[in-house]
Amino acid sequence: MPVAKQFEISPAEGKLGVLLVGLGAVSTTFIAGVEAIKKGFAQPIGSLTQMGTVRLGKRTENRVPLIKDFVPLAQLKDLVFGAWDIFPDSAYDAALNAGVLEKELLGQLKEPLRKIKPMKAVFDQNYVKRLSGTNVKTGKNKFELAQQLIDEIAEWKRKNKCSRLVMIWAASTEIFLKTHAVHKTIDSFEQAMRDNHKAIAPSMIYAYAALKSGIPFANGAPNLTVDIPALMTLADKNKLGICGKDFKTGQTLMKTIIAPGLKSRMLGLHGWYSTNILGNRDGEVLDDPDSFKTKEESKLSVLEYILQPEVYPTLYKDFSHVVRINYYPPRGDNKEGWDNIDIFGWLGYPMQIKIDFLCRDSILAAPIVLDLALFLDLAQRAGMKGVQEWLSFYFKSPQTAPGLYPEHDIFIQLMKLKNTLRHLRGEDLITHLGLEYYD
Ligand SMILES: NC(=O)c1ccc[n+]([C@@H]2O[C@H](COP(=O)([O-])OP(=O)(O)OC[C@H]3O[C@@H](n4cnc5c(N)ncnc54)[C@H](O)[C@@H]3O)[C@@H](O)[C@H]2O)c1
């Protein structure tokens, strides 16, 4: 069989700067984890780029390299971290405050973590009502704030001697915003920034600054951010990758693992009730109804897309789906997510599934941040631009091309991701047909 054309992928030479918006629980757990792995204290558990493999060719060929040996990813030793936050705490103090990792482990990582001091944030309390901080930029209007970010990024890159950068939004969830007329074109977006228009949220200002600076951007929260025509056009025009929204961890991760399984066996669903208790700052922000609305939209859409009630009305028409998040401080980052799933089987007989997931939100999110940073950088070096749908695997609300419905089934998402890697390297795509083994 002729080998498909390989993409030209420029090598991962020099340092990769990972710019994090928000230096909270997720970001500090990610940075501390990478530093711990670099020192040999820990393994990169949960990271597909570090631990995953990819099968190549036929099952009889026994070619199963590690993903990191198959595609040229940046190495952990070459990562440099920068961040913005509304609080001036270093990554060390912020990690202590987040309370995810043990003090003893953080003590061993004090030196690299102390060095990471957040730059002043672009922040407006109208978009995150439960927070206020002092480490915040001031400027005449939103356009000027974007210019400040652009200058700061260039200076940071120079000072840290980075050859490439990626930016990831891991800051608090903003209030729910819908696409507005000013989001339509780059011109209307820029004018709206000059007019301090309320349809331009701080997350959009960071994304704009990244795309103007030639940096791919990933959105880890459910905010609209880069999912608007103006910024999608800008990404395309500047040949940059973008992806989002909302890291897929915890309860939604479970949903996208279990729902495809129920559907594969044609089991019906009467309802799925999900509730959570969590006590970290994210939980506090999500206690505000406007921020929760953004999260709720992101969490609710998953089942509809996976179960396709319009295709399978007998099984999935009109099922109830409820999602609740309750802020409960004693739990900190150690969330508890309960699911009650009312299903039905043969002859319509009802059954129930109960899940009690004692999870650790940031422990699940940190490897996602690492993989996104490395894969976005790979995509950039391979000349892939615009929405990176192959990274849907990592998101609750995957961003797609306009008009295209998102794929939520985690197994399809993983196949898509691995086939994209095979495609980049000119390997045959795996279809799982396998008839040739029986010829
Ligand atoms: N942990 C998870 O499993 C998970 C999953 C999906 C999505 N997320 C999202 O990731 C984000 C981060 O989660 P977290 O648990 O680290 O929250 P966190 O509250 O610990 O950290 C967020 C940080 O962002 C800062 N911030 C807020 N607005 C900012 C701005 N405009 N500029 C710079 N900094 C700003 C806050 O001060 C805070 O330190 C949240 O939006 C959360 O909803 C987390």
Side-chain angles (χ1 to χ4, degrees), residues 19-32 46 82-91 93-101 118-137 142 145 149 152 167-175 200-207 209 218-223 225 244-254 276 278-288 291-292 294-299 302 325 327 331-335 337 357 359-369 372 394-397:
L19 292 172
L20 298 155
V21 189
L23 190 58
V26 171
S27 293
T28 55
T29 307
F30 156 64
I31 300 172
W84 291 271
D85 205 289
I86 66 170
F87 300 110
D89 297 349
S90 72
D93 291 322
L96 278 179
N97 190 33
V100 178
L101 301 174
M119 298 176 266
K120 283 191 174 172
V122 172
F123 182 74
D124 179 341
Q125 208 184 9
N126 289 318
Y127 300 84
V128 184
K129 298 201 174 126
R130 296 279 156 104
L131 288 186
S132 64
T134 52
N135 196 41
V136 174
K137 287 186 174 27
K142 295 179 178 181
L145 290 169
L149 282 175
E152 193 168 48
M167 190 188 289
I168 298 179
W169 176 274
S172 312
T173 301
E174 295 175 329
I175 57 166
I200 310 287
S203 62
M204 294 173 186
I205 302 175
Y206 285 99
N219 181 12
N223 328 312
T225 313
K245 313 189 276 263
D246 206 3
F247 301 134
K248 179 153 83 177
T249 58
Q251 210 162 38
T252 311
L253 172 66
M254 283 299 143
N276 295 274
L278 84 158
N280 56 14
R281 191 180 282 151
D282 187 28
E284 191 180 352
V285 167
L286 293 173
D287 208 35
D288 170 57
S291 284
F292 177 65
T294 313
K295 199 63 151 186
E296 190 184 27
E297 292 275 322
S298 169
K299 283 176 171 269
V302 167
I325 297 180
Y327 178 51
R331 271 310 163 89
D333 199 61
N334 297 347
K335 182 163 84 179
F357 189 12
C359 78
R360 293 173 190 264
D361 253 4
S362 303
I363 293 294
L364 293 168
I368 297 184
V369 180
L372 284 172
Y394 295 106
F395 295 109
K396 283 194 194 78
S397 302

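In listed order, ligands and their atoms are each counted from 1.
Residue-level proximity to ligand 1 for Glu284 is absent, since no heavy atom of it falls below 4.0 angstrom. Contact annotation: for Ala365 versus ligand 1, heavy atoms closer than 4.0 Å belong to the side chain alone. Residue-level proximity to ligand 1 for Asp282 is carried by backbone and side chain together, each with a heavy atom below 4.0 angstrom. Of all the heavy atoms of Val122, the ones lying under 4.0 Å from any atom of ligand 1 belong exclusively to the backbone. No part of Tyr127 comes within 4.0 Å of ligand 1, judged by heavy-atom distances.
For the pair Thr173 and ligand 1, the shortest N or O to N or O distance falls below 3.5 Å. Considering backbone and side-chain N/O atoms, Ser27 never comes within less than 3.5 Å of an N/O atom of ligand 1.
Ligand 1 places these atoms under 4.0 Å from at least one heavy atom of Ala221: 41 (O). Residue Val26 has at least one heavy-atom neighbour below 4.0 Å for each of these atoms of ligand 1: 1 (N), 13 (O), 14 (P), 15 (O), 16 (O). Taking every heavy atom of Ala170 and a limit of under 4.0 angstrom, the matching atoms of ligand 1 come to 11 (C), 12 (C), 22 (C). For ligand 1, the atoms sitting less than 4.0 Å from at least one non-hydrogen atom of Trp84 are 33 (C), 34 (N), numbered in the order shown with element in parentheses.
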Give the C-alpha distance, both sets of side-chain angles, the deciding distance and a yes or no for ring-ring contact (aromatic ring centres under 6.0 Å, His included) between Tyr206 and Trp84.
CA-CA 10 Å; Tyr206 285 99; Trp84 291 271; 5.4 Å; yes
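Counting only N and O atoms by type, the side chains of Glu174 and Ser203 include a donor and acceptor under 3.5 Å apart. Residues Asn280 and Asp282 bring no donor and acceptor atom of their side chains to less than 3.5 Å of each other.
With salt bridges taken as basic N to acidic carboxylate O contacts below 4.0 Å, none links Glu152 and Lys120. Electrostatic pairing of Arg360 and Asp333 does not count as a salt bridge here, judged by no charged N lying under 4.0 Å from a carboxylate O.
In terms of protein heavy-atom proximity, atom 37 (O) of ligand 1 is nearest to Asp85 OD1, 2.7 Å.
Not one N or O on the side chain of Glu284 forms a donor-acceptor pair closer than 3.5 Å with the backbone of Tyr327.
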